[in-house]
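Side chains are part of it too, since the values below use all heavy atoms of this structure and drop only hydrogens, waters and symmetry mates.
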Amino acid sequence: MLVKNDRISEIVDGKRVIVKKPELLAPAGNLEKLKIAVHYGADAVFIGGQEYSLRANADNFTIEEIREGVEFANRYGAKVYVTANIYAHNENIPGLDDYLRALEEAGVSGIIVADPLIIETARRVAPKLEVHVSTQQSLTNWKAVQFWKEEGLERVVLAREVSAEEIRQIKENVDIEIEAFIHGAMCSAYSGRCVLSNHMTARDSNRGGCCQSCRWDYDLYQLSDGREIPLFSEGDAPFAMSAKDLNLIRAIPVMIELGVDSLKIEGRMKSIHYVATVVSVYRKVIDAYCADPDHFTIRDEWVRELDKCANRETAPSFFAGFPDHTNHMYGTHSRKPTHEFAGLVLDYDPETGIATIQQRNHFRPGDEVEFFGPEIDNFTQVIETIWDEEGNELDAARHPLQIVKMKVKRPLFPYNMMRKEN
């Protein structure tokens, strides 16, 4: 049975408040996404360098970009963690010492690691770096967590397959920071321990090359006397192994009361619209619960907000217990989000009420759009007139990254975003 942790809250002015607020950890696939994540309320971001990271297809960061990202995050009091979570082969050993030293010199707070080689090397050559055990280690029990605690590590990232009850037992038995996923993709294998990609495409999923073969369409056959007998009829929906994406917005109060130290959003390859939307929603949920946990309720508007950027069905997965077939996707892999990202606000003139916007998707006069951002309440309006940078009236903003101007009915701020309903 789940019980509240007495170390999590205190009575202040006759009201219970949360004094151990968890870190909100966001993904950042490039420097722009890092700045958006921090601006929209992330306490920390995790990024990948150009080596030793499991997201080979993400933009990833040079050392110079990591340094710039750390400087930006520091201005907001946020931390930067770097993933170095591949399982290294002999060819990955040369250059490791220099890379880890460079991360330490850049001011990175910690690294997320799976391979003991990288762990031991970091402790030897870059001792200021915190070392966090990656979810690639598939940690699901307190004895395994205790092992890494005794090895001197500061934090463990739990497997996605851990339930709330198992988290409670881990926190009760081991005094170590716990990081747990709250939102994003789920792997059909055990926390990323998959070789389907290797087998089908020779792309190593444990060195950053996963082709996501569990999301492909498959036809099912039965092999009988050397013959393939189809187990489907014409027009049947294709079979897929794909798990629904994780969504634990309703479980955040439980995770806070359990004492989870870091709540992690997955998605370094997602858009800045996704990062901004998901981070801002979970920021609101965490802050609202911590301020007044005994009178907290999940608002429908928060749940709907997540649908504005999601393109796959979601489920609570393993958190409430072992998932059944309803946590899987059969015959379909995605759905349209309710909204699409239309523009990024660059500037706002309070005297004229005109905003300068960088186009991210086609929009035109007559479209109803919604603005959102950490400094404002969401509001909608119909676009009246669009001008280019020289003041020429346009019939549409149709060119990628085109800079346009338009009158808005409320003040806006840089990094606010504009979207429209699909």
Inset, instruction - Tell me, with the steps shown, if Gln136 and Asn85 meet side-chain hydrogen bond (donor to acceptor under 3.5 Å, both in side chains). - result: CA-CA 7 Å; Gln136 294 297 111; Asn85 54 349; 5.4 Å; no

Legend entry - Sidechain-backbone polar pair: Thr121 side chain, Asp97 backbone, donor-acceptor under 3.5 Å: no

Inset, instruction - Flag the pair Arg16 and Glu257 as a salt bridge only when some basic side-chain nitrogen lies within less than 4.0 angstrom of an acidic carboxylate oxygen. - result: yes

Inset, instruction - For Thr314 and Leu246, indicate whether the former's side chain and the latter's backbone hold a donor-acceptor pair under 3.5 Å. - result: no

Inset, instruction - Verify whether one side chain among Ser188 and Arg215 offers a donor that lies under 3.5 Å from an acceptor in the other. - result: no

Inset, instruction - Go through the structure and list residues passing salt bridge (Lys or Arg N to Asp or Glu O under 4.0 Å) with Asp307, not counting sequence neighbours. - result: Arg335

Legend entry - Phe322 and Phe318 aromatic ring geometry - parallel, tilted or perpendicular at 30°/60° bounds: perpendicular

Legend entry - Salt-bridge contact Asp98-Arg101 (side-chain N to carboxylate O under 4.0 Å): yes

Inset, instruction - In plain terms, say whether Glu179 and Lys264 are close enough for a salt bridge, that is, a side-chain N and a carboxylate O under 4.0 Å apart. - result: yes

Legend entry - Pairwise ring pair (Phe, Tyr, Trp, His ring centres under 6.0 Å) hits with a residue in residues 252-271, at least two apart: none

Legend entry - Ion pair Glu165/Arg168, N-O distance below 4.0 Å: yes

Legend entry - Lys/Arg N to Asp/Glu carboxylate O, Glu313 vs Lys244, below 4.0 Å: no

Could you tabulate the donor-acceptor pairs under 3.5 Å formed by side-chain atoms of residues 337-345, not counting sequence neighbours?
none

Legend entry - Pairwise side-chain contact, Val156 with Ile178, heavy-atom cut-off 4.5 Å (strictly under): yes

Legend entry - Lys35 backbone acceptor or donor facing Tyr76 side chain under 3.5 Å: no

Legend entry - Asp115: partners by side chain to side chain contact (heavy atoms under 4.5 Å, CB included), with sequence neighbours left out: Tyr87, Ala88, Leu117, Ile118

Legend entry - Approximate separation, where rounding is to 0.5 Å, of Ser262 OG and Lys79 NZ: 9.5 Å

Legend entry - Set of salt bridge (Lys or Arg N to Asp or Glu O under 4.0 Å) partners for Lys21, sequence neighbours left out: Asp287

Inset, instruction - Report the distance from atom CZ of Arg410 to atom CD1 of Ile376, rounding to the nearest 0.5 Å. - result: 8.5 Å

Legend entry - Asp43 side chain to Ala78 backbone, donor-acceptor under 3.5 Å: no

Legend entry - Test side-chain contact (heavy atoms from CB on, under 4.5 Å) applied to Phe72 and Leu31, step by step: CA-CA 10 Å; Phe72 180 88; Leu31 197 53; over 6 Å; no

Inset, instruction - Without swapping roles, check the side chain of Lys420 against the backbone of His362 for a donor-acceptor pair under 3.5 Å. - result: yes

Legend entry - Lys33 bridged to Glu65 by N-O distance under 4.0 Å: no

Inset, instruction - Measure from the side-chain N and O atoms of Asn247 to the backbone N and O of Ile249, and report whether any donor-acceptor pair falls under 3.5 Å. - result: yes

Inset, instruction - Report the residues that fulfil side chain to side chain donor-acceptor pair (under 3.5 Å) with Gln359, sequence neighbours left out, ordered by chain and then residue number. - result: none

Inset, instruction - May I ask you to check whether Phe296 and Tyr289 place their ring centres under 6.0 Å from each other? - result: yes

Legend entry - Residues which pass ring pair (Phe, Tyr, Trp, His ring centres under 6.0 Å) with His328, listed by chain and number, not counting sequence neighbours: Tyr330

Inset, instruction - May I ask you to decide if Val369's main-chain N or O and Asp367's side chain share a donor-acceptor pair within less than 3.5 Å? - result: no

Legend entry - Cationic N near anionic O, under 4.0 Å, Lys171 to Asp261: yes

Legend entry - Expected output: side-chain Arg160 to main-chain Thr135 donor-acceptor under 3.5 Å: no

Inset, instruction - Starting at NZ of Lys270, measure out to SG of Cys309 and round the result to the nearest 0.5 Å. - result: 8.0 Å

Legend entry - Side-chain touch Leu153/His132, heavy atoms, less than 4.5 angstrom: no

Inset, instruction - Find out whether Ile252 and Ile286 are in side-chain contact, i.e. whether some heavy atom of one side chain is under 4.5 Å from a heavy atom of the other. - result: yes

Legend entry - side chain to side chain donor-acceptor pair (under 3.5 Å) involving Arg67 - partner list, sequence neighbours excluded: none

Inset, instruction - Taking all heavy atoms of Gly321 and all of Ser163, pick out the closest pair and write down the distance. - result: N-CB, 4.4 Å

Inset, instruction - Could you tell me which residues satisfy side chain to side chain donor-acceptor pair (under 3.5 Å) with Gln358, sequence neighbours excluded, listed by chain and number? - result: Arg360

Inset, instruction - Could you tell me whether Arg304 and Glu301 make a salt bridge, using a distance below 4.0 angstrom between a side-chain N and a carboxylate O? - result: no

Inset, instruction - Give a yes or no answer on whether the side chain of Arg312 reaches the backbone of Ala243 with a donor-acceptor pair at less than 3.5 Å. - result: yes

Inset, instruction - Look at the side chain of Thr277 and the backbone N and O of Leu306, then say whether any donor-acceptor pair between them is shorter than 3.5 Å. - result: no

Inset, instruction - Under the ring pair (Phe, Tyr, Trp, His ring centres under 6.0 Å) rule, collect the residues that match up with Phe413, sequence neighbours excluded. - result: none

Inset, instruction - Report the C-alpha distance between Phe232 and Tyr221 in whole Å, list the side-chain angles of each, state the deciding distance to 0.1 Å, and finish with yes or no for ring-ring contact (aromatic ring centres under 6.0 Å, His included). - result: CA-CA 8 Å; Phe232 60 94; Tyr221 294 84; 5.4 Å; yes

Inset, instruction - Could you grab the distance from atom OG of Ser134 to atom CD1 of Ile111, nearest 0.5 Å is fine? - result: 11.0 Å

Inset, instruction - List in chain and number order the residues that pass salt bridge (Lys or Arg N to Asp or Glu O under 4.0 Å) with Arg398, two or more places apart in sequence or in another chain; answer none if no residue qualifies. - result: Asp395

Legend entry - Close side-chain approach of His183 and Tyr274, heavy atoms under 4.5 Å: yes

Inset, instruction - Apply the test side-chain contact (heavy atoms from CB on, under 4.5 Å) to residues Tyr415 and Leu346: give CA-CA distance (whole Å), side-chain angles for both, the deciding distance (0.1 Å), then the verdict. - result: CA-CA 6 Å; Tyr415 295 121; Leu346 303 180; over 6 Å; no

Legend entry - CA sep, side-chain torsions, deciding dist, call: Lys409, Glu384, salt bridge (Lys or Arg N to Asp or Glu O under 4.0 Å): CA-CA 11 Å; Lys409 66 181 186 182; Glu384 294 179 354; over 6 Å; no

Legend entry - Cation-pi, Phe372 ring and Arg419 (6.0 angstrom, 45 degrees): yes

Legend entry - For Asp236, side chain to side chain donor-acceptor pair (under 3.5 Å) partners two or more places apart: none

Inset, instruction - Decide yes or no for Ile403 and Glu389: does some side-chain heavy atom of the first lie under 4.5 Å from some side-chain heavy atom of the second? - result: yes

Inset, instruction - Evaluate side-chain hydrogen bond (donor to acceptor under 3.5 Å, both in side chains) for Gln402 paired with Asp388, printing each intermediate quantity in order. - result: CA-CA 8 Å; Gln402 183 179 12; Asp388 65 16; over 6 Å; no

Inset, instruction - Carefully, step by step, assess Asn92 and His89 under the rule side-chain hydrogen bond (donor to acceptor under 3.5 Å, both in side chains). - result: CA-CA 5 Å; Asn92 301 121; His89 290 236; 5.6 Å; no

Inset, instruction - Take Tyr282 and Leu263 through the side-chain contact (heavy atoms from CB on, under 4.5 Å) test and state the conclusion after the steps. - result: CA-CA 9 Å; Tyr282 281 101; Leu263 304 177; over 6 Å; no

